[in-house]
Each structure stands twice: as structure tokens, then as C-alpha cells.
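Notes for the one structure printed next.
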Amino acid sequence: MASISFSALFIFVILEITLLWSIGSSQKIGFTSIDCGSDSVSVYTDNDNIEWLSDSNLMFEGTSVVLPDTGNGPVLRTMRLFNGSQSKYCYSLSNSAVKAGAFFFVRASIFPGINPPYMPKDPDGYFRFKLIIDADQWTDVKIAYGDDTLWTSDAYVRAKRSEIDVCFARITSDGDAPFISALELRPLPNTLTSTLVMNETNRFLVCLEHSSYGVPQSGPSYVRFPDDNLDRYWLSHKASNSNLISTQKSINMSTNSSDQNPEKILQSSFTGSQYLGLN
Ligand SMILES: *[C@@H]1O[C@H](CO)[C@@H](O)[C@H](O)[C@H]1NC(C)=O
Ligand SMILES: *[C@@H]1O[C@H](CO)[C@@H](O)[C@H](O)[C@H]1NC(C)=O
Ligand SMILES: *[C@@H]1O[C@H](CO)[C@@H](O)[C@H](O)[C@H]1NC(C)=O
Ligand SMILES: CC(=O)N[C@H]1CO[C@H](CO)[C@@H](O)[C@@H]1O
């Protein structure tokens with residue numbers, strides 16, 4: 001009962017916030033989305049209704065690089081390249097939701113494109129550098145030169161103060177210069193399995209992937225905000241129709257909603273081979 005009444009309260013709060021947005025800005029409270037290296041200071045809103053800011057007022061180090069690659073949208077078209085001599089470069093992310101004890105995820109997106117800004121130093125052709133969050137090692141980046149795919153990492157963190165520092169560093173003092181295309185900060189409720197674990201262990205978590213199984217071939221390649229209110233990025237694992245069960249009907253989310261998995265994810269499922277005869 002307690003969890004049901006809490007989720008009702010949560011939905012009510014979300015509705016309240018939604019109403020406030022429609023009066024003010026379309027941007028969701030606590031969302032900060034930074035288009036790194038963007039030369040345009042003006043705010044723009046993408047198709048998912050996410051408002052992007054240039055990092056030009058947040059970061060005064062490094063160089064803005066515009067990729068010649070086209071067709072990947074404005075956010076991935078620019079990056080900030082930290083090719084100076086400092087040992088690390090940090091963004092201080094903050095907004096009205098960031099205060100000590102509050103939970104967030106931070107998403108870093110790196111897209112070198114097919115014509116990256118420089119050749120990796122290691123002859124194996126991989127760019128290597130480090131991501132650090134509030135002085136803790138987050139992840140090691142390893143991306144092949146010319147690999148035209150987007151690399152992302154989500155860290156689940158608990159703010160220690162009114163800002164979260166996201167830093168970039170070379171692996172060694174003469175290693176590859178780090179670069180970054182986008183940074184996103186999203187608030188998380190303290191009732192998720194992940195945030196409960198963080199509260200217990202006092203550590204941050206690195207998310208491997210949010211997976212959506214059993215997506216039809218014609219379905220989207222990912223689902224995020226506004227279908228996922230928390231803006232997790234659910235990668236589709238597509239399946240043939242014979243391995244799918246899907247519905248367009250709405251799902252009663254009140255029974256098991258502690259992780260607030262989006263309805264869209266639950267509307268399709270992958271079924272194992274033992275069920276093939278039933279389809
Ligand atoms: C950093 O890269 C930019 C763009 O390639 C270049 O103009 C600049 O001289 C470089 N700075 C350093 C310190 O190497
Ligand atoms: C975190 O854990 C402490 C100790 O178990 C508990 O008192 C507190 O309510 C928890 N806070 C959150 C946000 O879950
Ligand atoms: C959803 O499930 C809960 C718990 O089983 C139930 O109390 C509620 O009536 C259901 N809501 C709808 C609209 O079916
Ligand atoms: C993921 C999740 O929250 N699972 C819960 C669904 O509901 C059952 C019964 O209340 C719980 O035992 C699960 O932990």
C-alpha cells in the first residue's frame with residue numbers, strides 16, 4: 001500500500017510540474033543538457049522537447065571542434081577538445097535540483113565521427129582517455145578511430161553539494177586529448193532500486209545499458225524522454241514477429257512501478273523459442 005500511495009503522490013507531483021512547465025518553459029525541472037563545443041549560445045529545443053545549452057558559458061578551456069560529418073544533428077556536430085596541458089578539465093554541473101544528497105544520472109556522449117579531430121597516439125588506433133566524477137574514476141573511454149558510432153556512458157551519482165563535477169583527463173600526461181560532444185544531467189527519485197543501492201553503499205553506479213527486448217523491426221532504435229519520464233536511454237533489441245508479444249493497450253503501472261520503467265518498454269516482449277508454437 002505504501003508504495004502505491006507513494007507512486008500516486010509522485011505522479012501528482014509530476015503532473016504539477018508538467019502544468020508549471022506549460023506555463024513557463026517547456027524544459028523539465030532538473031534537466032540540464034549541454035551541447036559541448038557548440039558555437040551557438042542560443043538555446044534550442046530538439047524533437048524530444050529537450051532544451052540544449054551551449055557550454056560556452058560553462059567551460060573556458062579547450063577548443064570547439066565542428067565535425068564535417070553531417071546528418072547526426074546539431075548536438076553531435078560539435079565537440080569540445082581538451083588539447084591543452086592541464087592534467088584534467090572539469091564541468092561543474094548544477095541546476096535548481098542539485099543539492100547534497102539528491103540523486104542524478106549524468107550521461108556523457110562522445111562522437112568522434114568518421115573524421116575525428118586528430119589521430120590517436122596508440123598505433124592500435126584507439127582513442128583513450130578518462131572520465132572522472134567528483135574526483136572518483138568513472139570510466140575509461142576507448143573508441144576506435146573512424147568508428148562512426150555514438151559512445152555514451154551513464155553514471156548514477158549522489159550529489160555531494162550544489163554541483164556535480166564531471167572531468168576529463170588524459171590516461172598519461174602525453175596521452176590522447178579528451179573530447180566530449182554532450183553532457184546531460186537528470187534528477188532521479190530516491191525510490192529506484194539503483195538509488196536505494198547508492199544510499200546503502202555510498203558509491204556511484206555505472207549503468208551498463210537500459211535494454212528494451214522484443215521491439216518489432218519497424219520499432220524505434222531507442223526510447224527516451226518523454227516516453228521515459230526520467231530520460232533513461234533504452235536501446236531496442238529488435239526481434240522478428242514470431243518472437244514478439246506486443247500490445248498497444250495501456251498497462252496498469254501501479255503494481256510494480258518502483259523503477260518507473262516506461263510503459264512503452266513494457267508493451268512489447270521477447271518470447272523464447274519454447275513459445276514459438278503458440279504464435
Ligand atoms: C588544439 O586544437 C586546435 C584545433 O585543432 C588547435 O588550433 C590548437 O592549436 C590546439 N591547441 C594546443 C594547445 O595544441
Ligand atoms: C538512506 O539510508 C538511511 C539509512 O539507512 C535512511 O535513514 C535514509 O532515509 C535513506 N535515504 C534515502 C534518500 O533513501
Ligand atoms: C491496477 O492494479 C492495482 C493493484 O493490483 C489495482 O488496485 C488497480 O485497481 C488497478 N488499476 C486499474 C485501472 O486496473
Ligand atoms: C522490480 C520490482 O520492483 N519488483 C517488485 C514487484 O513487486 C513484487 C511484489 O510486491 C516485489 O517483490 C518485486 O520486488
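Indexing begins at 1, ligand by ligand and atom by atom, following the structure's order.
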Within the protein, flag every N or O under 3.5 Å from an N or O of ligand 1, and note the pair and distance.
| residue | atom | partner | partner atom | Å |
| --- | --- | --- | --- | --- |
| ligand 1 | 2 (O) | Asn83 | ND2 | 2.2 |
| ligand 1 | 11 (N) | Asn83 | ND2 | 3.0 |

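The distance from ligand 2 to the heavy atoms of Asn190 drops below 4.0 Å at these ligand atoms: 13 (C). Taking every heavy atom of Asn199 and a limit of under 4.0 angstrom, the matching atoms of ligand 2 come to 1 (C), 2 (O), 3 (C), 8 (C), 10 (C), 11 (N), 12 (C), 14 (O).
Remark: the backbone N or O of Lys264 is not paired with any side-chain donor or acceptor of Asp227 at under 3.5 angstrom.
Between the side chains of Thr32 and Asn95, at least one donor N or O lies within less than 3.5 Å of an accepting N or O.
Remark: Arg186 pairs with Glu184, Asp231 by the salt bridge (Lys or Arg N to Asp or Glu O under 4.0 Å) rule, at least two apart or across chains. For Ser212, there are no side-chain hydrogen bond (donor to acceptor under 3.5 Å, both in side chains) partners, not counting sequence neighbours. A search for side chain to side chain contact (heavy atoms under 4.5 Å, CB included) contacts involving Leu205 returns Tyr156, Ser194, Val197, Met198, not counting sequence neighbours.
The distance between the ring centers of Phe179 and Phe168 does not fall below 6.0 angstrom.
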Practice problem: Give the C-alpha distance, both sets of side-chain angles, the deciding distance and a yes or no for side chain to side chain contact (heavy atoms under 4.5 Å, CB included) between Lys28 and Asn49. | Solution: CA-CA 9 Å; Lys28 192 175 162 185; Asn49 218 13; over 6 Å; no
